[in-house]
Amino acid sequence: MFETLPGFREFYPEQFSTRSGLFESWKRSLEICGFSEYEGSVLEPLDLYIEKSGNEIVEQLFHFVDKGERKVALRPEMTPTLARMVGNKANALRKPVKWFNIGDHFRYERMQKGRTRCFTQLNVDILGEAGVKADVESIYTLILVCQRLGLDAQKFYIRLSDRDLWLIALDALGVEESKQSQVLGVIDKIERNSEEQTREALEKIVGGDVSSMLSTIQSLFEVKSVDAIEAWFDKLKTPEVELQERIRGRIAEWKELVSSLESLGCAGFYEIDLSIVRGLAYYTGFVFEAFERGRRSRALAGGGRYDHLVKKLGGPEFPAVGWAMGDVTMTDCLEHHGILPKASLPSKVFVVMDDSTRDTAMSDVGLLRKAGVCALFSYKRSGFGKQFKEANQTNCDWVLVYGGDEVAEDKVSVKELESGQETKVARSELLAFLGAQGLGD
RNA sequence: GUGGUAGUAGCUCAGUUGGUUAGAGCACCGGUUUGUGGUACCGGGGGUCGCCGGUUCAAGUCCGGUUUACCACCCCA
């Protein structure tokens with residue numbers, strides 16, 4: 001037998017039902033917030049990703065040369081595709097652009113828990129709006145999606161940070177602009193690395209004694225409220241007027257963000273945590289990640305503002321904010337809490353017949369199906385007992401018995417399996433009867 | 001890319017210091033039951049013991065390689 005390729009997945013009907021249930025929930029939650037679904041290409045020019053993230057990411061991509069000598073890659077994420085799609089039609093799109101996609105993504109890496117080579121992601125983005133309102137909506141939709149899957153504030157939370165604030169802080173600390181992104185890289189790893197490693201990395205970039213800078217940076221990790229952010233900057237005592245302007249402006253935006261989230265009922269669902277920087281180079285402002293509480297696992301979702309990506313890919317200036325959520329980690333989380341979703345299935349009827357009534361019964365099966373009623377029957381000639389058994393095994397809710405007695409009266413016995421209740425219904429009334437039970441179109 | 005652990009039926013596993021024809025439960029199929037299901041009892045099908053090689057009279061069992069999975073690093077969209 002051939003085996004599935006490493007890191008790729010197959011979904012048997014039972015798992016597929018969970019998957020569909022998850023997708024249905026995602027889709028519904030975003031439609032509620034006024035987002036429209038879109039789809040991009042799964043295969044993209046390799047340069048689209050090199051352009052954005054640098055050459056080293058090529059090793060993690062599923063990439064190859066096609067028969068037309070084109071260097072191509074299976075998409076590892078949606079954002080560059082989306083940025084290009086929006087950039088191409090930027091002037092024709094009504095703003096804000098509120099789009100979501102549920103699609104497969106690929107990366108060639110060693111597998112482990114919560115990580116495969118093929119995964120499905122929900123991508124939610126708002127483009128064309130630079131104001132904080134878009135950040136609020138983005139974070140809010142993430143919370144809503146989780147809530148509607150059955151996750152409450154005891155089960156997950158969002159860690160909220162701000163790359164812009166870090167850049168201001170680094171300016172205030174006197175770090176040259178050209179070195180700031182490198183320093184952000186070090187900050188991103190601070191929790192994982194030892195203090196010694198961090199100090200060395202920082203010295204290498206900035207030079208000289210960095211211990212006071214390091215402790216100032218670390219003190220920003222402790223900050224848990226907007227007031228504390230304000231106090232942290234007050235303590236720095238930056239003399240430059242222009243920098244003070246920036247600090248004041250950013251804090252005002254933080255205040256707006258927090259108060260809007262509170263009024264949307266998001267209190268308890270998020271924490272300010274400036275240790276989140278996020279590795280991707282294209283993030284520019286607020287960034288955030290969703291985590292399960294009380295369990296060490298991968299982020300459930302992550303996102304943030306990326307105001308320059310559309311332009312970087314050849315489009316016009318187009319501010320954007322968005323996030324992505326993977327199906328692997330989310331399914332794992334929902335399973336852990338015993339709240340796996342299921343695809344919604346319509347009620348089904350099973351038609352029981354014998355040789356003498358087969359023609360009548362089958363012609364009714366045809367009529368029922370045409371009217372949108374799910375109607376099954378056995379492919380075997382077997383006794384009524386067997387057929388009832390099959391009705392159970394195929395998860396039917398109703399059985400229609402076409403026995404000789406019933407058909408002679410031009411009637412059908414209709415039995416509801418769960419209650420065991422059975423009534424005789426005239427064949428001409430059958431559709432109306434089932435319709436009253438919520439079956440059919 | 002580095003390291004650790006594991007692979008026996010569709011699933012969960014048992015299989016003694018190497019020893020006849022490799023087992024159990026669940027699931028599946030059939031029967032008890034040719035006009036009424038879920039329960040119960042009885043029966044049945046299903047295995048190159050991941051793959052290749054080695055040691056041995058004899059390998060599911062020991063050794064080497066390989067592959068796959070899981071876990072921890074690395075990295076993270």
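The chains referred to below are lettered A, B, ... by the order of the sequence lines, with proteins before strands, and numbering in each begins at 1. What's counted below: heavy atoms across the whole structure, side chains too, no hydrogens, waters or symmetry copies. Note that the coordinates shown come from a computational prediction; the quantities given were computed from them, not determined experimentally.
Between the CD atom of A:E390 and the C1' atom of B:C28 there is a distance of 14 Å, given to the nearest Å. Between the CD atom of A:Q387 and the P atom of B:G37 there is a distance of 12 Å, rounded to whole Å. Taking atom CG on A:L309 and atom C1' on B:A77, their separation rounds to 12 Å, with Å as the unit. As a whole-Å value, the separation of A:E109 CD from B:U2 C1' is 14 Å. In this entry the distance linking OH of A:Y12 with C1' of B:A27 reads 14 Å, nearest Å.
Here A:E422 pairs with nothing under the salt bridge (charged side-chain N to carboxylate O under 4.0 Å, His left out) rule; sequence neighbours left out. Not a single salt bridge (charged side-chain N to carboxylate O under 4.0 Å, His left out) links A:K386 to another residue, sequence neighbours left out. The side chain to side chain contact (heavy atoms under 4.5 Å, CB included) search around A:A201 returns A:V186, not counting sequence neighbours. In this view, A:R148 satisfies the salt bridge (charged side-chain N to carboxylate O under 4.0 Å, His left out) rule with no residue, not counting sequence neighbours. A:R107 is linked by a side chain to side chain contact (heavy atoms under 4.5 Å, CB included) to A:E109, A:R115, A:F119, counting only residues two or more places apart in sequence or in another chain.
Residues A:K311 and A:E317 are paired through a salt bridge, judged by an N-O separation under 4.0 Å between the basic side chain and the carboxylate.
Applying the ring-ring contact (aromatic ring centres under 6.0 Å, His included) test to pairs two or more places apart or on separate chains, none has a residue in residues 333-373 of chain A. Applying the side chain to side chain donor-acceptor pair (under 3.5 Å) test to every pair with at least one member in residues 426-435 of chain A, sequence neighbours left out, gives these pairs: A:D364-A:R427, A:D410-A:R427.
Geometrically, A:R159 engages A:F291 in a cation-pi contact, judged by NZ or CZ lying under 6.0 Å from the ring centre and within 45° of the ring axis.
For A:K380, taking side-chain heavy atoms from C-beta onward, the closest of the listed nucleotides B:A77, B:G30, B:G37 is B:G30.
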Using the 3.5 Å cut-off, write out each protein N or O paired with an N or O of nucleotides 32-36 of chain B and the distance between them.
unit_1	atom_1	unit_2	atom_2	d
B:G35	O6	A:G404	N	2.8
B:G35	O6	A:D405	N	2.8
B:G35	N1	A:E406	OE1	2.7
B:G35	N2	A:E406	OE1	3.4
B:G35	N2	A:E406	OE2	2.5
B:U36	O2	A:K415	NZ	3.0
B:U36	N3	A:E422	OE1	3.2
B:U36	O4	A:E422	OE2	3.0

Output a table of nitrogen or oxygen pairs between the protein and nucleotides 65-70 of chain B separated by less than 3.5 Å.
unit_1	atom_1	unit_2	atom_2	d
B:A69	OP1	A:G7	N	3.3

Inset, instruction - Could you provide the dot-bracket string of RNA chain B, using ( ) for intrastrand pairs, [ ] for crossing pairs and | for bases paired to another strand, with Watson-Crick or G-U pairs below 3.5 Å? - result: (((((((..((((.....[...)))).(((((.......))))).....(((((..]....))))))))))))....
Expected list for residues 65-73 of chain A: side-chain donor-acceptor pairs under 3.5 angstrom, two or more places apart:
unit_1	atom_1	unit_2	atom_2	d
A:D66	OD1	A:G68	N	2.9
A:D66	OD1	A:E69	N	3.1
A:D66	OD1	A:R70	N	2.8
A:D66	OD2	A:R70	NE	2.9

Below 3.5 Å, can you tabulate the donor-acceptor pairs from side chains in residues 434-441 of chain A to any protein atom, sequence neighbours excluded?
none

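Within the 4.0 angstrom heavy-atom criterion, no nucleotide atom of any strand lies near A:R381.
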